[in-house]
Number of protein chains: 2
Amino acid sequence: MNHPEAESRAAAQADPQAESRALAALGALAHAQRLRLFRALVVAGLDGLTPGVLAERLEIARNTLSFHLKELAHAGLVTIEQQGRNLVYRADFARMNELLGYLSEHCCQGGVCEIGPGSCVTGSSC
Amino acid sequence: MNHPEAESRAAAQADPQAESRALAALGALAHAQRLRLFRALVVAGLDGLTPGVLAERLEIARNTLSFHLKELAHAGLVTIEQQGRNLVYRADFARMNELLGYLSEHCCQGGVCEIGPGSCVTGSSC
DNA sequence: AAAATGGTTCAACAATTCTTGTATTATTGA
DNA sequence: TCAATAATACAAGAATTGTTGAACCATTTT
């Protein structure tokens, strides 16, 4: 119990819902418009963006945009805050990092390190 | 040009097909059976696994399995080698790392670092 | 060569996801 | 209160994706 990194990894792996959260996030990002949407929100950072701005910038119909934002929100990848009559959407970086952590674990397990140094993006256990 | 990391990042970003490859990989992994399939191949490492073994272990019908393996192969996430009358499927770690790199970039851009240290899995530019 | 094994392909159907038009809710400002 | 703005909700059709049974091809064994 004296290795915090390994501990948090084990915890992540023990979480029985980690897989379904990863699946939801993967599914949410596996769509061209949603991936761009999410990227726009990541670039916007803590300021976030309103649906109106997003619809204009990405040239997506408002109801279609609303549908896709809901998908991202349902997957936990974005948060919503109401400001007057506007909604502000923001990327949820913690959830995104959880996804990266999940994928990294499964990337590094059992073989990638035999292929070559630096082949794993995290470099953590390689 | 004296910073190889930044260089490889810029190259990755300049690649006009990076997004479509990322989308294909995300779509391939955004399915419970395929994600488990891929995980099994990652754990199997360089030895790989045959469809027969995978079908038995994961309890998937052979034709269904074949369909999903084809999806993974089409996304570039697995490779196929023929050995006698068996096929050996292996996870393509390079492609998986490319996906992680793509996602990491978009995770770290423009704001995540303001949230807190260590919030980004790669820790690279944070 | 015939039978067995390992695996894929195809077609048809089922299920899910995406889009679009229309209607609705909530907030702001005159 | 009335009109305008911001955004979502719903329903129906279109499109895509997933599953299954049956047929097929290649390799090995007898």
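Since the structure is predicted, the reported quantities are computational estimates derived from the model, not experimental observations. Atom set for the values below is all heavy atoms of this structure, side chains included, hydrogens, waters and symmetry mates excluded. Naming: A, B, ... by sequence-line order, numbering from 1 per chain.
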Checklist entry - Among all residues two or more places apart in sequence or in another chain, which pass the side-chain contact (heavy atoms from CB on, under 4.5 Å) test with Ala24(B)? => result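 Checked Ala24(B) against side-chain contact (heavy atoms from CB on, under 4.5 Å); matches are Ala75(B).
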Next on the checklist: Using the side-chain contact (heavy atoms from CB on, under 4.5 Å) criterion, which residues pair with Gln82(B)? Sequence neighbours excluded.
Outcome noted: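 side-chain contact (heavy atoms from CB on, under 4.5 Å) check on Gln82(B) returns Leu87(B).
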Next on the checklist: Please identify the 5'-most and 3'-most nucleotides of DNA chain D with any atom under 4.0 angstrom from a heavy atom of chain A.
Outcome noted: dA4(D) to dA9(D)
Checklist entry - Side chains of Leu23(B) and Leu35(A): does their closest heavy-atom pair fall under 4.5 Å? => result yes
Next on the checklist: Using side-chain heavy atoms (C-beta onward) and a distance below 4.5 Å, is Val78(B) in contact with Arg95(B)?
Outcome noted: no
Item to check | Spacing between Leu35(A) atom CG and dC18(C) atom P, to the nearest angstrom | outcome: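 Rounding to the nearest Å, CG of Leu35(A) and P of dC18(C) are 13 Å apart.
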Once salt bridge (Lys or Arg N to Asp or Glu O under 4.0 Å) is applied, what residue pairs with a partner in [range] remain, sequence neighbours excluded?
{"range": "residues 40-52 of chain A", "result": "none"}
{"range": "residues 23-32 of chain A", "result": "none"}
{"range": "residues 67-83 of chain A", "result": "Glu81(A)-Arg90(A)"}

Next on the checklist: Each nucleotide in nucleotides 4-16 of chain C should get exactly one letter: B, S or -. Can you fill that in based on protein heavy atoms under 4.0 Å?
Outcome noted: BBSSBB-------
When rounded to the nearest 0.5 angstrom, what distance separates [atom1] in [X] from [atom2] in [Y]?
{"X": "Arg21(A)", "Y": "Leu77(A)", "atom1": "CZ", "atom2": "CG", "result": "11.5 Å"}
{"X": "Glu98(A)", "Y": "Phe93(A)", "atom1": "CD", "atom2": "CZ", "result": "15.5 Å"}
{"X": "Leu29(B)", "Y": "Phe38(B)", "atom1": "CG", "atom2": "CZ", "result": "6.0 Å"}
{"X": "Asp92(A)", "Y": "Leu99(A)", "atom1": "CG", "atom2": "CG", "result": "11.5 Å"}

Item to check | Residues which pass salt bridge (charged side-chain N to carboxylate O under 4.0 Å, His left out) with Arg36(A), listed by chain and number, not counting sequence neighbours | outcome: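 For Arg36(A), the residues satisfying salt bridge (charged side-chain N to carboxylate O under 4.0 Å, His left out) (neighbours in sequence not counted) are Glu19(B).
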Acceptor/donor pairs from residues 49-69 of chain B side chains to any protein atom, 3.5 angstrom cut, sequence neighbours excluded:
residue, atom, partner, partner atom, Å
Thr50(B), OG1, Val53(B), N, 3.3
His68(B), ND1, Arg34(B), NH1, 3.1

Next on the checklist: What residues from residues 21-29 of chain B pass a heavy-atom cutoff of under 4.0 Å to DNA chain C?
Outcome noted: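 Under 4.0 Å from DNA chain C: no residue of residues 21-29 of chain B.
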Item to check | Sugar-phosphate, base or nothing in reach of Gln83(B), heavy atoms under 4.0 Å | outcome: nothing
Item to check | Stem list, DNA chain D (Watson-Crick or G-U pairing under 3.5 Å, at least 3 consecutive pairs) | outcome: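 Listed by first number, the stems are C:1-30 with D:1-30.
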